[in-house]
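As C-alpha cells, the structure follows; a few thoughts come after it.
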Amino acid sequence: MKRGLIFIVTASFGFVISFLVWFFEFRPKVDVLKVVKEDSLISRIEKVDNWFKNLNKNNKFNGAVLLIKKDSVLLKKAYGYSDANSSRMLTTSSSFRLASLSKQFTATGIMLLKERGLLSFEDEIIKFLPELSYNKVTIRHLLNHTSGIPDVYIDFPKKYKKEVGDLLTNEKVVKLLAKMNPKLENSPNEKYQYSNIGYVLLSTIIERISKKSFQEFLQTELFDKLEMRNSKVWNLLSKSNSFANKTSSYYAFWIFKKTLNPGVLDGVSGDDAVFSSIDDLIIWNQFWYKNNLLSNSIIKEAFTRPKLNNGINSPYGFGWLIKDNIVWHKGSWLGARTLIVRDTLQKNTIVLLDNSSSACIDNIHKELAKIF
C-alpha cells in the first residue's frame with residue numbers, strides 16, 4: 001500500500017514538473033531591458049550587466065555574452081557555471097558547444113580547400129563521395145542547403161542498429177546513406193531546405209581531401225593559425241574525454257539541474273562538434289573583415305544569397321543566414337543554445353553562448369538589440 005502511494009505521489013510530482021517544464025519552455029519570457037535615449041553608453045552597459053545577472057539568478061541564462069558596437073567591444077562577460085554541479089565558474093575563456101554555429105567553421109574548411117585549388121564549389125560530391133548516387137549534387141548545394149538530400153541521419157541509430165553500434169560516425173553516415181539511397185526530396189538548387197546531413201558530408205569531404213580528421217584539420221589550418229586557443233572540434237571520437245575550459249551541457253529548471261551527456265549521434269561532425277569561447281569569437285568576428293587565409297572573392301561568396309532555379313534568392317550562404325547586411329546563425333544541441341548576429345555594415349555583433357538549455361535566447365537577443 002505504501003509503495004503504491006509513493007508511486008502515485010512520485011508520478012504526480014513528475015507530471016507536475018513535466019507540465020511546468022513544458023509551460024515555461026514554450027512561453028519563454030525575460031524581463032524588459034530598460035534603457036532610454038538619455039542613458040550614456042556606460043550606463044547602458046551597466047544595465048545590461050545587471051540584467052544578465054538577474055537572468056542567471058532566475059535560470060534563464062547561464063553562459064557568456066559578447067557585444068560589439070562599431071568594431072569596439074562593449075561587453076564581454078560570463079555568468080554562471082560550467083556544469084550542472086556548479087563546480088567551476090564560467091569565464092570568457094570557457095569553451096561552449098556551438099551546436100549548429102559549427103556549420104560556419106565547416107564551410108570555412110571547405111573554403112580553405114577551395115583557396116588551395118583542391119576543390120571547386122561546382123564539383124559534384126560523388127567526386128569525393130563515390131559511394132553515393134547523387135551525381136547532380138554539388139559542394140555548393142551542400143553549403144547552401146539546396147541539395148535536396150533528405151536529412152535522414154538522425155534516424156540511422158534506430159533503423160540500422162547493428163551497423164551503427166554504440167556510436168555513429170561520418171563514415172558510417174556515408175555508408176548508410178549509400179545503403180538507404182533515399183531519393184532527393186527535390187531537384188538540386190530547387191529549394192532551400194536546412195540540412196544537417198549536408199554539413200556532415202562536407203566534413204567528410206574535408207577529411208578525404210586533406211587526409212586529416214575534421215578535428216585535426218580545423219585545429220591546424222584554422223584555430224592554431226588564428227590563435228583561437230579555446231576552440232576545438234570535440235566529440236566522442238576525440239582521443240581525450242575533455243579539454244581545458246570545456247563546459248558541459250545540462251538542463252536547468254527552477255532548483256533542478258540535470259547533466260545532458262553526449263550519445264550515439266555524437267561521433268558525427270560538421271553540423272556540430274565545434275566548441276569555442278567568447279574570447280575566440282572576437283577573433284572569429286574579425287576574421288570576416290580581414291584575414292590572411294581566404295581571398296576577398298571567396299569571402300564574398302560566403303555572404304552572397306544564392307539564386308535558386310526559379311530565380312528567387314535563397315537566404316543561406318556558406319554557414320550563414322543572410323538578410324541585407326545582417327548575417328546570423330543559431331544553434332541547439334544537448335544543453336547548447338547559441339546565437340551569433342553580425343551587422344557587417346555597422347560592424348555590430350551580438351554573441352550568446354548558453355549551456356543550460358535556455359529557452360530565452362531569442363528574447364534575450366531582441367532586448368539586447370536596444371543597445372544598438
Side-chain angles (χ1 to χ4, degrees), residues 25 28 30 52 55-56 59-68 75-84 90-108 145 194 196 199 203 218 222-223 228 230-235 243 245-252 260 262 265-266 268-285 287-288 316-322 326-343 348-369:
E25 275 286 332
V30 296
F52 268 106
L55 289 174
N56 177 251
N59 279 335
K60 293 185 177 182
F61 182 79
N62 186 91
V65 59
L66 173 65
L67 298 180
I68 297 175
L75 181 66
K76 181 188 70 167
K77 194 167 180 179
Y79 304 84
Y81 294 91
S82 66
D83 53 39
L90 290 171
T91 72
T92 57
S93 296
S94 296
S95 188
F96 291 79
R97 178 185 293 277
L98 296 186
S100 284
L101 266 64
S102 302
K103 290 180 174 69
Q104 53 200 235
F105 293 91
T106 305
T108 302
H145 294 296
Y194 191 83
N196 285 300
Y199 271 73
S203 172
L218 284 193
L222 191 62
F223 300 144
M228 296 174 68
N230 294 297
S231 297
K232 291 183 182 297
V233 173
W234 184 91
N235 60 19
F243 59 88
N245 295 328
K246 177 182 174 293
T247 63
S248 299
S249 289
Y250 68 93
Y251 181 84
L260 300 174
L265 294 172
D266 291 292
V268 172
S269 64
D271 61 334
D272 181 29
V274 174
F275 284 69
S276 191
S277 69
I278 284 293
D279 286 340
D280 282 0
L281 291 178
I282 293 175
I283 298 171
W284 186 240
N285 181 62
F287 172 83
W288 296 104
Y316 201 98
F318 295 174
W320 295 90
L321 283 150
I322 306 162
I326 305 297
V327 296
W328 63 281
H329 213 292
K330 291 173 62 177
S332 176
W333 182 247
L334 295 177
R337 300 294 183 268
T338 57
L339 175 70
I340 181 169
V341 182
R342 299 175 57 243
D343 182 333
N348 298 337
T349 299
I350 295 175
V351 179
L352 295 168
L353 304 179
D354 178 278
N355 65 327
S356 68
S357 310
S358 172
C360 302
I361 297 300
D362 286 341
N363 284 338
I364 290 172
H365 167 250
K366 289 177 183 177
E367 292 298 314
L368 284 179

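Side-chain atoms are counted along with the backbone in the values below, which use heavy atoms only and exclude waters and symmetry mates. This is a predicted model, so every value here is computed, not measured.
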For [X], what residues pass the ring pair (Phe, Tyr, Trp, His ring centres under 6.0 Å) criterion, not counting sequence neighbours?
X    : answer
F318 : F121
W328 : none
Y250 : none
H365 : none

Worksheet item: salt bridge (Lys or Arg N to Asp or Glu O under 4.0 Å) with D362: which of K60, R337, K330?
Response: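 By the salt bridge (Lys or Arg N to Asp or Glu O under 4.0 Å) criterion, D362 pairs with just one of K60, R337, K330: K330.
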Fill in: With sequence neighbours excluded, residues passing side-chain hydrogen bond (donor to acceptor under 3.5 Å, both in side chains) with T91
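If we apply the side-chain hydrogen bond (donor to acceptor under 3.5 Å, both in side chains) test to T91, skipping adjacent residues, there are no hits.
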Fill in: Any donor-acceptor N/O pair, Y199 side chain to S100 backbone, under 3.5 Å
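Side chain of Y199 to backbone of S100: no pair is present.
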Worksheet item: Can any side-chain N or O of N62 pair as donor or acceptor with the backbone N or O of Y81 at less than 3.5 Å?
Response: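 Side chain of N62 to backbone of Y81: a pair is present.
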Indicate the atoms forming the closest heavy-atom contact of [X] with [Y], along with that distance.
X    : Y    : value
V233 : F223 : N-CE1, 4.2 Å
F105 : L218 : O-CD2, 3.8 Å
N230 : S93  : CG-O, 3.2 Å
N196 : Y194 : OD1-CE2, 4.0 Å

Can you name the salt bridge (charged side-chain N to carboxylate O under 4.0 Å, His left out) partners of [X], sequence neighbours left out?
X    : result
D354 : none
K246 : none
K77  : D49
D280 : none

Practice prompt. Assign the ring pair W288 / W320 to parallel, tilted or perpendicular, where the plane angle (0 to 90°) is split at 30° and 60°.
Written response: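 Perpendicular.
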Discussion item. Using 30° and 60° as the class boundaries, would you call the ring planes of Y316 and H145 parallel, tilted or perpendicular?
Written reply: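 The rings of Y316 and H145 stand perpendicular, inter-plane angle above 60°.
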I'd like to check the side-chain contact (heavy atoms from CB on, under 4.5 Å) partners of [X]; sequence neighbours left out, ordered by chain and number.
X    : answer
D83  : N85, S87, S248
K76  : L66, V73, T92, I278, D279, I282
S269 : N170, S203, F214, N235, A273

Kindly indicate whether the side chain of [X], heavy atoms from C-beta on, has any atom under 4.5 Å from the side chain of [Y].
X    : Y    : answer
H329 : T338 : no
F61  : L352 : yes
W284 : T108 : yes
L321 : I326 : no

